[in-house]
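Below is one structure; the comments refer to it alone.
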Amino acid sequence: MRVLIKSIATTCCIVFILVANAAAGAGLSAQQMLAETNLARTEPARYADHLRKMRSNFTGNIYRDPGTAVMLVTTEGIAALDEAINYLTKQDPLPPLTWSDGLAKAAADLVRDQGQSGKIGHDGGRSGGMQKRIERHGIWTGRIAENIGYGPGTARLMVVELIVDDGVPDRGHRKNIFTHDFAVAGAACGPHPLYRSMCVMEFASQYKSRTRR
């Protein structure tokens, strides 16, 4: 069965609309998201090779995921991919992000909330907005940010799409990944009723998780 996925990128998140059903991949977990993000941060020039391998799978603005029945309809086509490759080759390596249990809990709040509601975006409804969720589980200093992706079934594809940031003029998701000020992060992934899968990653300069009493 052929699966067509349309990418809708906004300043809040990357969304993949499934036109046909597809099984979610097994390679998508919070720890895999952190590991993949850290691989891009610490070895950006080498990570660009993963994007170069994707070039031959484009036909116009459609990307065909090798070995699967998934097709991704992009907004900018291969131009956004090439722009991301150029960015990575010039990007200086950054220190890896350290795992934060508190930030992971904040991310999980949104995954759990939208996994039930089917909504998208930074407002979790019952769980609140990004800052409220992050402050529920700890104290932050410096800066905070949040990336959200919906659809891809592997951490590699999810992180690549956030780096490419197709259709997002300011490449905000990419900027979050490569912000030097961020030192800690937490992530959570889970099912989404409309877009198959979702992952949330919270970033902070410094963060002290609350201890349970």
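Scope of the values below: all heavy atoms of this structure, side chains included, with no hydrogens, waters or symmetry mates.
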Practice item. Using atom types as modelled and distance alone, determine if a side-chain donor or acceptor of D166 lies under 3.5 Å from a backbone N or O of E76. Key: yes

Check your understanding: Any side-chain heavy-atom pair from L34 and L97 closer than 4.5 angstrom?
Key -> yes

Practice item. Of all the heavy-atom pairs spanning P44 and R41, show the shortest one and how long it is. Key: CD-O, 3.5 Å

Check your understanding: Taking Y207 for the side chain and G138 for the main chain, is one N or O donor matched with an acceptor at less than 3.5 Å?
Key -> yes

Point to revise | Polar contact flag, side-chain donor to acceptor under 3.5 angstrom, Q114-H192 | key: no

**Study point:** Residue pair P152 / S197: nearest heavy atoms and the distance that separates them
**Key:** O-CB, 3.6 Å

Practice item. Please list all pairs passing the ring pair (Phe, Tyr, Trp, His ring centres under 6.0 Å) test where one or both residues lie in residues 59-91, with sequence neighbours left out. Key: F58-Y63, Y87-F178

Practice item. Go through the steps to decide whether Y150 and E161 satisfy the test side-chain hydrogen bond (donor to acceptor under 3.5 Å, both in side chains), and finish with yes or no. Key: CA-CA 10 Å; Y150 303 84; E161 289 301 331; over 6 Å; no

**Study point:** disulfide (SG to SG under 2.5 Å) contacts touching residues 106-144 (sequence neighbours left out)
**Key:** none

Check your understanding: Once you round to the nearest 0.5 Å, how far does CG of D65 lie from CG of N57?
Key -> 8.0 Å

Review point. Side chains of D165 and H173: donor-acceptor distance under 3.5 Å anywhere?
Key: yes

Exercise for review: Please assess K105 against E202 for the test salt bridge (charged side-chain N to carboxylate O under 4.0 Å, His left out), listing each intermediate value before the final yes or no.
Suggested key: CA-CA 10 Å; K105 290 177 181 177; E202 313 287 3; over 6 Å; no

Exercise for review: Check whether any side-chain heavy atom of N147 lies under 4.5 Å from a side-chain heavy atom of M158, and answer yes or no.
Suggested key: no

Check your understanding: So how far is it from L81 CG to M54 CE, rounded to the nearest 0.5 Å?
Key -> 6.0 Å

**Study point:** Short side-chain donor-acceptor distance under 3.5 Å, Q116 and R126
**Key:** yes

Exercise for review: Determine whether the side chains of E135 and W140 contain a donor N or O and an acceptor N or O closer than 3.5 Å.
Suggested key: yes

Exercise for review: For N61 and T75, run side-chain contact (heavy atoms from CB on, under 4.5 Å): C-alpha distance rounded to whole Å, both residues' side-chain angles, the deciding distance at 0.1 Å, then the answer.
Suggested key: CA-CA 7 Å; N61 68 332; T75 300; over 6 Å; no

Point to revise | side-chain contact (heavy atoms from CB on, under 4.5 Å) between E146 and M201, intermediate numbers included | key: CA-CA 6 Å; E146 179 177 80; M201 179 169 278; over 6 Å; no

Practice item. State, with a plain yes or no, whether a side-chain heavy atom of D170 is found less than 4.5 Å away from one of V168. Key: yes

Check your understanding: Which pairs, with at least one residue in residues 88-167 and sequence neighbours excluded, count as a disulfide (SG to SG under 2.5 Å)?
Key -> none

Revision key, fill the gap. Value for OG1 (T37) from CD (Q32), rounded to nearest 0.5 Å, stands at 11.5 Å

Practice item. Could you check if a side-chain atom of T154 sits within less than 4.5 angstrom of a side-chain atom of L28, using non-hydrogen atoms only? Key: no

**Study point:** Electrostatic pair E83:R174 at N-O distance under 4.0 angstrom
**Key:** yes

**Study point:** Separation of N86 CG from T89 OG1 (nearest 0.5 Å)
**Key:** 4.5 Å

Revision key, fill the gap. Applying side chain to side chain contact (heavy atoms under 4.5 Å, CB included) to P96 and not counting sequence neighbours gives N38, T42

Exercise for review: Measure the shortest side-chain to side-chain distance between L72 and T74 over non-hydrogen atoms and say whether it is less than 4.5 angstrom.
Suggested key: yes

Point to revise | Set of residues satisfying ring-ring contact (aromatic ring centres under 6.0 Å, His included) with respect to H137, sequence neighbours excluded | key: none

**Study point:** Evaluation steps, side-chain contact (heavy atoms from CB on, under 4.5 Å), between L39 and R156
**Key:** CA-CA 10 Å; L39 181 60; R156 170 64 52 81; 3.9 Å; yes

Check your understanding: Are I134 and L103 side-chain neighbours, meaning at least one heavy-atom pair lies under 4.5 Å?
Key -> yes

Point to revise | Validation row: I177, I163 side chains within 4.5 angstrom (heavy atoms) | key: yes

Point to revise | Greater than 12 external heavy atoms within 6.0 Å of R52's CZ | key: yes

Practice item. Might you point out which heavy atoms bring A104 and W99 nearest each other, and give the distance in Å? Key: CB-CZ2, 3.3 Å

Check your understanding: Is there a donor-acceptor contact under 3.5 Å from the side chain of S209 to the main chain of G102?
Key -> yes

Review point. Are the charged groups of R46 and D49 less than 4.0 angstrom apart, N to O?
Key: no

Review point. Does any non-hydrogen side-chain atom of V160 lie less than 4.5 Å from one of L51?
Key: yes

**Study point:** Joint cluster assignment, L110 & M130, ILVMFWY side-chain distance < 4.5 Å
**Key:** no

Let me have the donor-acceptor pairs involving side chains of residues 179-191, under 3.5 Å, with sequence neighbours excluded, atom names and distances please.
residue, atom, partner, partner atom, Å
T179, OG1, K175, O, 2.4
D181, OD2, R143, NH1, 3.4

Check your understanding: Is there a donor-acceptor pair under 3.5 Å between the side chain of R133 and the backbone N or O of H122?
Key -> yes

Review point. Is it true that atom CZ of R136 has more than 12 heavy atoms of other residues, nucleotides or ligands lying nearer than 6.0 Å?
Key: yes

Point to revise | Atom pair CD (Q131) and CD1 (I144), whose distance is rounded to the nearest 0.5 Å | key: 5.0 Å

